Amino acid sequence: DNPSTSFIQALIGLPTAAGPPVTKDTAIRVASFLAAVTMLCNDVAAMPLLLHEQTVVKGVQRTREATDNPLSPLLKYVPNRFMTSYEMRWNNMFQLILNGNFYNQIVRDGKGDVLSIFPLDAWCTQIRMVTTGPEPEMWFDFDNGKQHRSFPQNEIWFCKRMNIDGLRGAAIIALAKEAISCMMASDELSGKLFANGLNVGGFIVPPTDSDVDITDVQKVVNELKKDLVGSRNAGKIGALPPGFDFKKIALTAVEGELL
């Protein structure tokens with residue numbers, strides 16, 4: 001079977017002009033992006049989730065908390081035996097932001113009452129429309145490499161955001177891949193500069209009037225890297241062999257703003 005485009009992108013990332021590929025794992029390593037996602041997930045998961053029902057009393061419509069509904073304790077406290085309501089909603093919100101969709105398996109008893117709700121990995125779930133019958137049917141195919149199962153629509157609780165094609169939500173890491181990749185590239189550049197004690201690279205220039213072998217020049221480079229490169233060696237004073245010179249690559253004003 002040919003893997004879907006979203007599955008491939010989840011594995012190898014989305015190509016970007018800045019260079020670093022963007023996946024859900026690399027995107028959340030960006031501090032500013034992680035802080036925004038965490039804040040949204042925390043706020044939504046911490047909000048009380050109460051199930052209400054509408055009834056008509058003496059011709060007047062009334063709304064009250066549906067404490068007798070089997071769904072009420074599942075949504076409010078424990079949706080399944082593995083997680084709390086807070087954990088499930090945090091997971092759903094996280095997948096909704098990064099993937100654009102979240103999917104939950106609904107487990108029912110023989111009477112049709114909901115017994116539990118289990119989140120599914122949105123990156124392993126695909127929507128499939130079946131149009132061979134009198135009415136179109138929506139199926140959900142779950143495949144994580146170890147398990148494969150297809151669910152009808154009445155067994156899945158799903159939500160999507162920015163569903164451009166009408167079926168699937170759009171992943172924010174795909175829509176904002178260039179911005180996220182730029183942040184990743186700037187973090188990587190800044191990290192390397194700080195690791196080098198804020199010293200950028202340069203060139204070792206041997207004496208012009210001497211017959212110096214490239215091996216001798218490489219030995220000088222290796223000695224300098226061992227003794228002077230890295231934040232732990234910042235501030236140390238080194239020495240070059242007689243006649244050798246070091247030409248430093250200077251940062252422009254625009255490049256220095258990344259720091």
Side-chain angles (χ1 to χ4, degrees), residues 2-47 49 83 85-105 117-129 138 140-145 156-195 198 200 251-259:
N2 294 325
S4 65
T5 303
S6 59
F7 181 73
I8 295 176
Q9 291 175 349
L11 292 177
I12 64 176
L14 299 161
T16 61
V22 178
T23 68
K24 64 183 177 69
D25 295 320
T26 58
I28 60 176
R29 294 193 183 103
V30 180
S32 55
F33 183 78
L34 176 62
V37 172
T38 302
M39 180 185 66
L40 291 173
C41 292
N42 288 344
D43 289 346
V44 172
M47 294 177 64
L49 180 56
M83 58 178 57
S85 175
Y86 177 94
E87 294 170 332
M88 183 191 72
R89 286 182 283 151
W90 201 102
N91 177 269
N92 285 340
M93 191 62 186
F94 177 82
Q95 298 195 57
L96 184 64
I97 295 173
L98 268 71
N99 183 274
N101 309 269
F102 75 70
Y103 306 94
N104 295 311
Q105 178 188 358
I117 304 172
F118 291 90
L120 300 176
D121 191 339
W123 285 270
C124 300
T125 307
Q126 298 294 325
I127 299 178
R128 173 169 50 92
M129 293 296 296
M138 183 181 295
F140 298 84
D141 298 324
F142 176 79
D143 189 353
N144 62 359
I156 294 292
W157 168 28
F158 69 101
C159 179
K160 51 186 178 290
R161 61 179 298 277
M162 297 185 64
N163 53 328
I164 300 175
D165 64 354
L167 293 177
R168 304 167 185 84
I172 192 172
I173 60 175
L175 298 176
K177 64 174 184 176
E178 297 296 345
I180 297 175
S181 181
C182 286
M183 290 188 290
M184 293 167 56
S186 63
D187 287 348
E188 182 180 357
L189 173 61
S190 300
K192 289 182 178 180
L193 286 176
F194 279 104
L198 293 181
V200 295
L251 287 175
T252 66
V254 176
E255 294 168 339
E257 288 181 358
L258 289 175
L259 299 177

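What you are looking at is a predicted structure, and each value in this text was computed from that prediction instead of being measured. The analysis underlying the following values was restricted to heavy atoms, covering all of them including side chains, and did not include hydrogens, waters or symmetry mates.
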Check step by step if side-chain contact (heavy atoms from CB on, under 4.5 Å) holds for Phe158 and Leu120. CA-CA 10 Å; Phe158 69 101; Leu120 300 176; over 6 Å; no
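- Within the 4.5 Å cutoff, side-chain heavy atoms of Ile127 are placed close to those of Phe140.
- To the nearest 0.5 angstrom, Thr38 atom OG1 is 8.0 Å from Phe94 atom CZ.
- Summarising the geometry of Asp141 relative to Arg128, their closest heavy-atom pair is OD2-NE, 2.7 Å, with the distance given to 0.1 Å.
- Distance SG/Cys159 to CG/Asn92: 8.5 Å, rounded to 0.5 Å.
- Considering every non-hydrogen atom in both Tyr86 and Ala46, the closest pair reads CE1-N, 3.8 Å.
- Side-chain atoms of Asn99 never come within 3.5 Å of backbone atoms of Gln95 as a donor-acceptor pair (strictly under, hydrogens ignored).
- One finds the CG atom of Asn42 at 10.5 Å from the CE atom of Met93 (value rounded to the nearest 0.5 Å).
- The 12-atom threshold is not exceeded at CE of Met47, counting heavy atoms of other residues, nucleotides or ligands nearer than 6.0 Å.
- For the atom pair Thr23 OG1 and Trp123 CH2, the distance stands at 9.5 Å (nearest 0.5 Å).
- Shown are Arg89, Glu87, Gln105, Met88; of these, the side chain to side chain contact (heavy atoms under 4.5 Å, CB included) with Pro119 is made only by Met88.
- When all heavy atoms of Ile173 and Phe33 are compared, the closest pair comes out as CG2-CZ, 4.0 Å.
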side-chain contact (heavy atoms from CB on, under 4.5 Å) for Asn144 and Asp121? Distances and angles first, verdict last. CA-CA 8 Å; Asn144 62 359; Asp121 191 339; over 6 Å; no
Does the side-chain contact (heavy atoms from CB on, under 4.5 Å) test come out yes or no for Leu96 and Val44, once each step is laid out? CA-CA 12 Å; Leu96 184 64; Val44 172; over 6 Å; no
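- Here CG of Leu167 is found 5.0 Å from CE of Met138. Values are rounded to the nearest 0.5 Å.
- With contacts defined as side-chain heavy-atom distances shorter than 4.5 Å, the pair Ile172/Met162 does not qualify.
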Carefully, step by step, assess Asn91 and Phe102 under the rule side-chain contact (heavy atoms from CB on, under 4.5 Å). CA-CA 9 Å; Asn91 177 269; Phe102 75 70; over 6 Å; no
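- Under the 3.5 Å distance criterion, the side-chain polar atoms of Arg168 are left unmatched by any main-chain donor or acceptor of Asn101.
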